[in-house]
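What follows is a single structure, written as structure tokens, with notes after it.
Reminder, nothing fancy here: chain letters follow the sequence lines and each chain counts from 1. Computed from a predicted structure; not experimentally measured.
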There are 2 protein chains.
Amino acid sequence: MRHAEFDRERVLRAAMCTFMVNGYTKTSMQDLTKATGLHPGSIYCAFDNKKGLFIAAIEQYQQDRTDQFKQLFANDHSTVDNLSDYLAQILQECLSGDATKACLLTKSLSEMGEQDEQIKQITCQFLQSWHQSIAQVFDTAKAQQLIPQKSDSQFLAQYLVMGIYGLRTVANTQPDVEVLQPLADKLLADLIRQ
Amino acid sequence: MRHAEFDRERVLRAAMCTFMVNGYTKTSMQDLTKATGLHPGSIYCAFDNKKGLFIAAIEQYQQDRTDQFKQLFANDHSTVDNLSDYLAQILQECLSGDATKACLLTKSLSEMGEQDEQIKQITCQFLQSWHQSIAQVFDTAKAQQLIPQKSDSQFLAQYLVMGIYGLRTVANTQPDVEVLQPLADKLLADLIRQ
DNA sequence: TCCTTAATTGAATACACATTCAAGAATAAT
DNA sequence: ATTATTCTTGAATGTGTATTCAATTAAGGA
């Protein structure tokens, strides 16, 4: 017996970044061997093929984002403050200039959703689960009486998701905090308004 | 002398649709010859290369959208009603299932903005000009006293643009009028609120 | 220590792709 | 009709691609 020599998470994060910057189609196996340090054969041995590595990278991305999200809301602050911090963090990503400024899930869905049913299902499922996590946050806000009891958490979560998608897209053309911050502020205000 | 035999607009719209469905990278010259009915040599004669055809298609897209926009607002209805109709039209596109459900500009910017400076500039410029057209609509709404005089048209336009980006992205995962209509309604309500 | 099993290596393979080009066809001016 | 000009045709070209595979290397059990 012999174990794999590489660190799976490190390899997946390297692949993840490459896919986020170039997109799936424009990322060549050569790009991936350079980014991961693995030889073609090793990639095919561990992940079957380019698409297998892509899916594994997407799953790692989802895992990382879920952990990050949970950590941000794992405190006893006001839920509204946490939401504000969450938006601030997203804005920072949009403005950072590095790979995280794009969301791998929406980018992949936009690129491949039309042609690849499997990618479409995986990304949609992960985006739905993100939506549900946000809905839970609004449920908490209701329990804290920060928003009206008659509020529809599912709807508010959907609206926030829409706003975040929009913010990220605006950031593509206007990566400017002076533009994005007021948008984020109004978005949050419109969400918690009576 | 001899004139080109093909109808330029028809060719550009065919190419446009192909690019919208597949994206630039995944559209092969073979796809384009099939969609346009032109042979490779004719395409290279008329548009230099694949990217030249792509840029021409983007320009045609922008022209078509601008015409459509102007037509929708060229009446003496309440500006708010026109905005409502505009959002309804966008929703219809999102739900139509055909190529128009994606915006060629944002899709291209997301796919190629990172690698191709020229595409980035063209798409950004066209998206900015769209933003300005919407800002003019809010100026009209101010003149009609439908929104407060102190409103910032630029900001409201940016917020609507953000919302439309978001709506289109939500439609990728939830192409459902029951989901999208309430989002569009709240978006409009939040825009014209005192 | 030897042997089985599995991972690693990187050159070789087969294929798809954008692009070219020389020959042919159509047009308009002379 | 002739000629010059330009467009059209589609097979050929060369490059970049994902993938394979036989040889090699390492690890753990007997």
Side-chain angles (χ1 to χ4, degrees), chain A residues 1-58 60 104 108 111-112 114-119 122, chain B residues 1-58 60 104 108 111-112 114-119 122:
Chain A
M1 285 286 230
R2 186 185 171 190
H3 302 313
E5 285 174 6
F6 62 86
D7 174 354
R8 189 181 162 93
E9 283 198 14
R10 196 194 52 73
V11 163
L12 287 181
R13 294 218 179 83
M16 192 195 296
C17 286
T18 312
F19 284 127
M20 275 192 277
V21 172
N22 303 327
Y24 176 79
T25 311
K26 271 194 139 111
T27 298
S28 66
M29 285 302 295
Q30 205 177 338
D31 293 334
L32 291 168
T33 57
K34 200 186 297 178
T36 62
L38 266 49
H39 291 252
S42 300
I43 292 179
Y44 282 84
C45 179
F47 302 103
D48 282 6
N49 50 32
K50 183 183 166 188
K51 188 176 157 189
L53 175 57
F54 183 60
I55 290 174
I58 286 182
Q60 183 67 48
L104 183 58
S108 305
E111 181 186 350
M112 316 177 65
E114 213 63 37
Q115 287 98 26
D116 192 311
E117 192 59 31
Q118 189 187 5
I119 300 295
I122 291 173
Chain B
M1 286 288 232
R2 185 185 170 192
H3 300 314
E5 286 174 5
F6 61 87
D7 173 353
R8 188 182 163 92
E9 283 198 15
R10 194 194 54 71
V11 163
L12 286 181
R13 294 218 178 82
M16 193 193 297
C17 286
T18 311
F19 284 127
M20 276 193 277
V21 172
N22 302 328
Y24 176 79
T25 311
K26 272 194 137 113
T27 298
S28 65
M29 284 302 295
Q30 205 178 338
D31 293 334
L32 291 168
T33 56
K34 200 186 296 178
T36 61
L38 264 51
H39 291 253
S42 299
I43 292 179
Y44 281 84
C45 179
F47 302 103
D48 282 5
N49 51 32
K50 182 184 165 187
K51 188 176 157 188
L53 175 56
F54 183 60
I55 290 174
I58 285 181
Q60 183 67 50
L104 183 58
S108 305
E111 180 185 352
M112 317 178 63
E114 213 63 38
Q115 287 96 27
D116 193 310
E117 191 60 30
Q118 189 187 4
I119 299 295
I122 291 173

Which atoms form the tightest heavy-atom contact between A:A15 and A:A57, and what is the distance? CB-CB, 4.5 Å

Contacts of B:Q30 that satisfy side chain to side chain donor-acceptor pair (under 3.5 Å) - sequence neighbours left out: none

Grab the N/O contacts between the protein and nucleotides 21-23 of chain C below 3.5 Å, and write none if there aren't any.
none

Nucleotide C:dA16, atom P - distance to CG of B:D31 in whole Å: 13 Å

Beyond-backbone contact of B:L12 with B:L53, side-chain heavy atoms, under 4.5 angstrom: yes

Check every strand shown and say whether B:T27 touches a base, only sugar-phosphate, or nothing at a heavy-atom separation below 4.0 Å. sugar-phosphate

Rounded to whole Å, how long is the line connecting atom CE of A:M29 with atom P of C:dA14? 19 Å

Are A:E114 and B:N22 close enough that some pair of their side-chain heavy atoms sits under 4.5 Å apart? no

Under a 3.5 Å cutoff on both atom distances, Watson-Crick or G-U, what's the dot-bracket for DNA chain C ([ ] crossing, | other strand)? ||||||||||||||||||||||||||||||

Contacts of B:Y24 meeting ring pair (Phe, Tyr, Trp, His ring centres under 6.0 Å) (sequence neighbours excluded), chain-then-number -> B:F19, B:F54

side-chain hydrogen bond (donor to acceptor under 3.5 Å, both in side chains) partners of residues 39-54 of chain B, not counting sequence neighbours, each pair once: B:K51-B:D116, B:K51-B:Q118

Calculate the interatomic distance between B:I43 atom CD1 and D:dT8 atom P; express it in whole Å. 11 Å

Is A:S42 touching bases, backbone alone, or none of the nucleic acid, heavy atoms closer than 4.0 Å? base

Round to a whole Å and report the spacing from CG of B:L38 to C1' of D:dG10. 13 Å

Look up atom OG1 in B:T36 and atom CG in B:D7, then write down how far apart they are to the nearest 0.5 Å. 12.0 Å

If I take atom CG in residue B:L32 and atom C1' in nucleotide C:dT19, what distance separates them, rounded to the nearest angstrom? 13 Å

If the condition is side chain to side chain contact (heavy atoms under 4.5 Å, CB included), which residues does B:E117 pass it with, not counting sequence neighbours? B:K120, B:Q121

Just how far, in rounded Å, is C1' of C:dA18 from CD of B:Q30? 12 Å

Mind listing the closest non-hydrogen atom pair of A:T25 and A:E111 along with its distance? OG1-OE2, 2.7 Å

When rounded to whole Å, the NE2 to P distance for the pair B:H39 and C:dA25 reads 13 Å

In residues 48-57 of chain A, which residues come under 4.0 Å of DNA chain D by heavy atom? A:N49, A:K50

Contacts of A:T33 that satisfy side chain to side chain donor-acceptor pair (under 3.5 Å) - sequence neighbours left out: none

CE (B:M16) and CG (B:L104) are apart, to the nearest 0.5 Å, by 7.5 Å

Going by side-chain hydrogen bond (donor to acceptor under 3.5 Å, both in side chains), name the pairs with one or both residues in residues 8-19 of chain B, residues two or more places apart or in two chains. B:E9-B:R13, B:R13-B:D64

Side-chain contact, heavy-atom cut-off 4.5 Å: B:L38 with B:L32? no

Which residue pairs satisfy the salt bridge (charged side-chain N to carboxylate O under 4.0 Å, His left out) criterion with at least one member in residues 29-46 of chain B, sequence neighbours excluded? none

Interatomic distance, B:K26 NZ vs D:dT17 P [rounded to whole Å]: 15 Å

Using a heavy-atom distance cut-off of less than 4.0 Å, which residues of residues 10-23 of chain A contact DNA chain D? none

